[in-house]
There are 2 protein chains.
Amino acid sequence: MKQGSDLDGLLGYRIELTHLIAIEDARLALAPYGLTPAKLTALLLIRANPGCDQTALGKALSVNRSSAMKLVNVLVDRGLIERRPGRDLRTNALHLLPGGEERVAEMLDRLRESDRRLGADLTAAERATLMALLKKLRKPRAARRGATTTDG
Amino acid sequence: MKQGSDLDGLLGYRIELTHLIAIEDARLALAPYGLTPAKLTALLLIRANPGCDQTALGKALSVNRSSAMKLVNVLVDRGLIERRPGRDLRTNALHLLPGGEERVAEMLDRLRESDRRLGADLTAAERATLMALLKKLRKPRAARRGATTTDG
DNA sequence: TATTGTTATACTCTATAACTATA
DNA sequence: TATAGTTATAGAGTATAACAATA
């Protein structure tokens with residue numbers, strides 16, 4: 001099946017293809033732990049911000065309260081984090097559990113291995129250049145206006 | 001909220017962030033046409049392969065027959081393509097309709113504008129370097145084994 | 001009034017499984 | 001037997017809307 005060349009020169013299309021490769025391997029790397037890359041990111045945010053509440057976590061992940069709720073439920077069910085009493089009676093304080101700390105360390109190892117595989121054909125200099133150029137891509141005006149959601 | 005530095009050096013994480021920016025603007029650019037970037041890609045594949053069947057389309061998009069079916073239904077409902085009799089009685093031949101051609105051209109214009117916004121801070125040389133480096137990222141062994149699906 | 005958590009509901013995308021009609 | 005399309009169903013992931021408790 002022919003691909004068609006309409007998208008060939010587009011940066012966004014190349015990033016889409018690259019992203020598919022990266023996310024697939026990252027998923028496989030984390031699958032034994034029953035978590036997706038997005039859930040590991042949530043776990044890392046909680047570790048970096050002990051005692052944060054669900055709403056703040058959701059904002060950091062660009063999802064609303066309801067979605068943050070579901071995410072936290074999964075991490076609690078997995079025994080990785082717990083909800084403790086928060087700064088007021090409305091709020092939960094999220095904390096990584098000791099077992100969660102161990103798991104996070106293992107998962108980060110697997111993720112770094114995956115990342116090494118992804119960039120295996122790059123020299124150190126090329127890798128640095130790529131990182132720098134990716135950082136120069138910018139959020140266009142249209143997208144910067146913010147999505148129109150009710151919640152956060 | 002602190003970000004935590006565990007993912008900072010990872011190529012895959014940087015690509016994830018960049019992808020989010022790119023896909024959001026691309027979605028906004030195509031929203032007036034009622035199609036997502038993925039559906040435009042499907043449309044371009046059909047245009048590049050007139051008379052292709054749904055299964056082949058699905059394979060090119062890495063989705064199974066059932067998902068390809070739904071996708072084609074949407075494009076048919078939008079009046080962009082049609083199903084014609086295929087090479088045998090089991091098969092549909094997918095064809096872009098004249099109206100679809102027009103829409104595709106407009107959507108490609110909007111998508112290219114979005115792509116220009118994304119790379120607006122890059123010189124032509126930087127842009128070329130970025131494209132070349134992204135092409136050097138490779139599908140790791142683990143992911144190359146192929147996903148374990150029943151279908152395509 | 002505003003905020004936090006929660007629940008119910010729905011929509012998109014994708015998958016699996018089973019059915020049918022062809023081949 | 002194998003393949004193409006179809007349908008029903010289910011599971012992530014996300015969103016909206018409403019409610020209770022608290023601020």
Side-chain angles (χ1 to χ4, degrees), chain A residues 1 16 19-20 23-24 26-27 30-31 34-42 46 49 51-78 81-94 146-152, chain B residues 1 16 19-20 23-24 26-27 30-31 34-42 46 49 51-78 81-94 146-152:
Chain A
M1 188 137 180
E16 170 80 32
H19 179 250
L20 276 164
I23 199 73
E24 183 185 355
R27 272 178 197 282
L30 298 183
L35 290 191
T36 58
K39 291 199 179 66
L40 174 55
T41 303
I46 294 168
N49 301 275
C52 69
D53 64 44
Q54 296 179 186
T55 298
L57 178 66
K59 275 179 184 153
L61 294 167
S62 301
V63 299
N64 68 10
R65 281 178 300 157
S66 176
S67 299
M69 173 85 202
K70 285 201 178 184
L71 183 57
V72 168
N73 282 345
V74 170
L75 299 179
V76 169
D77 292 348
R78 293 271 199 287
I81 67 169
E82 68 177 3
R83 290 176 167 108
R84 296 187 198 155
R87 63 183 181 283
D88 62 42
L89 288 174
R90 295 175 301 182
T91 319
N92 293 323
L94 303 177
T148 53
T149 60
T150 299
D151 238 277
Chain B
M1 189 138 179
E16 170 79 31
H19 179 251
L20 277 164
I23 200 74
E24 182 184 357
R27 273 178 197 282
L30 299 183
L35 289 190
T36 59
K39 291 199 177 67
L40 174 57
T41 303
I46 294 168
N49 301 274
C52 70
D53 64 45
Q54 297 179 185
T55 299
L57 177 66
K59 274 180 184 152
L61 294 168
S62 300
V63 299
N64 69 9
R65 281 177 300 157
S66 176
S67 299
M69 173 85 202
K70 287 203 176 184
L71 182 56
V72 168
N73 283 345
V74 170
L75 299 179
V76 170
D77 292 347
R78 294 273 198 287
I81 67 169
E82 68 178 2
R83 291 176 166 108
R84 296 187 198 155
R87 63 182 181 283
D88 62 41
L89 288 174
R90 295 175 300 182
T91 316
N92 293 326
L94 304 177
T148 52
T149 60
T150 299
D151 236 275

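- One atom, CG of B:L35, and another, C1' of C:dC13, lie 15 Å apart when rounded to the nearest Å.
- When the side-chain hydrogen bond (donor to acceptor under 3.5 Å, both in side chains) test is applied to A:N49, no partner is found at least two apart in sequence or on another chain.
- If you take CG of B:L94 and P of D:dA4, they are 13 Å apart, rounded to a whole angstrom.
- With rounding to whole Å, B:R27 atom CZ is found 12 Å from C:dT12 atom P.
- Checked against side-chain hydrogen bond (donor to acceptor under 3.5 Å, both in side chains), A:T91 has the following partners two or more places apart in sequence or in another chain: A:D88.
- In this structure, B:N73 atom CG and D:dA8 atom C1' are separated by 14 Å, rounded to whole Å.
- Listed by chain and residue number, nothing satisfies the salt bridge (charged side-chain N to carboxylate O under 4.0 Å, His left out) test with A:R27 (two or more places apart in sequence, or in another chain).
- A straight line from CZ of B:R84 to P of D:dG5 spans 16 Å, rounded to a whole angstrom.
- For C:dA15, the OP1/OP2 oxygens have no side-chain nitrogen or oxygen of B:S66 closer than 4.0 Å.
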Please list, for nucleotides 1-4 of chain C, all pairs of protein and nucleotide N/O atoms separated by less than 3.5 Å.
unit_1, atom_1, unit_2, atom_2, d
C:dT3, O4', A:R90, NH1, 3.3
C:dT3, O2, A:R90, NH1, 2.8

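- Here the C1' atom of nucleotide D:dA17 and the CG atom of A:N64 are 11 Å apart, to the nearest Å.
- In this structure, the CG atom of B:L89 is 13 Å from the C1' atom of D:dT3, given to the nearest Å.
- As a whole-Å value, the separation of B:L71 CG from D:dA4 P is 17 Å.
- Take B:T55 and apply the side-chain hydrogen bond (donor to acceptor under 3.5 Å, both in side chains) test, not counting sequence neighbours, and it matches no residue.
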Expected list for residues 67-75 of chain A: side-chain donor-acceptor pairs under 3.5 angstrom, two or more places apart:
unit_1, atom_1, unit_2, atom_2, d
A:S67, OG, A:N64, OD1, 3.1
A:N73, OD1, A:R83, NH1, 3.1
A:N73, OD1, A:R83, NH2, 2.9

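- A salt bridge is defined here as a Lys NZ or Arg NE, NH1 or NH2 lying under 4.0 Å from an Asp or Glu carboxylate O, and A:D53 with A:R90 fails to meet this definition.
- Donor-acceptor pairing under 3.5 Å, judged by distance alone, is present between the side chain of A:K70 and the base of D:dT14.
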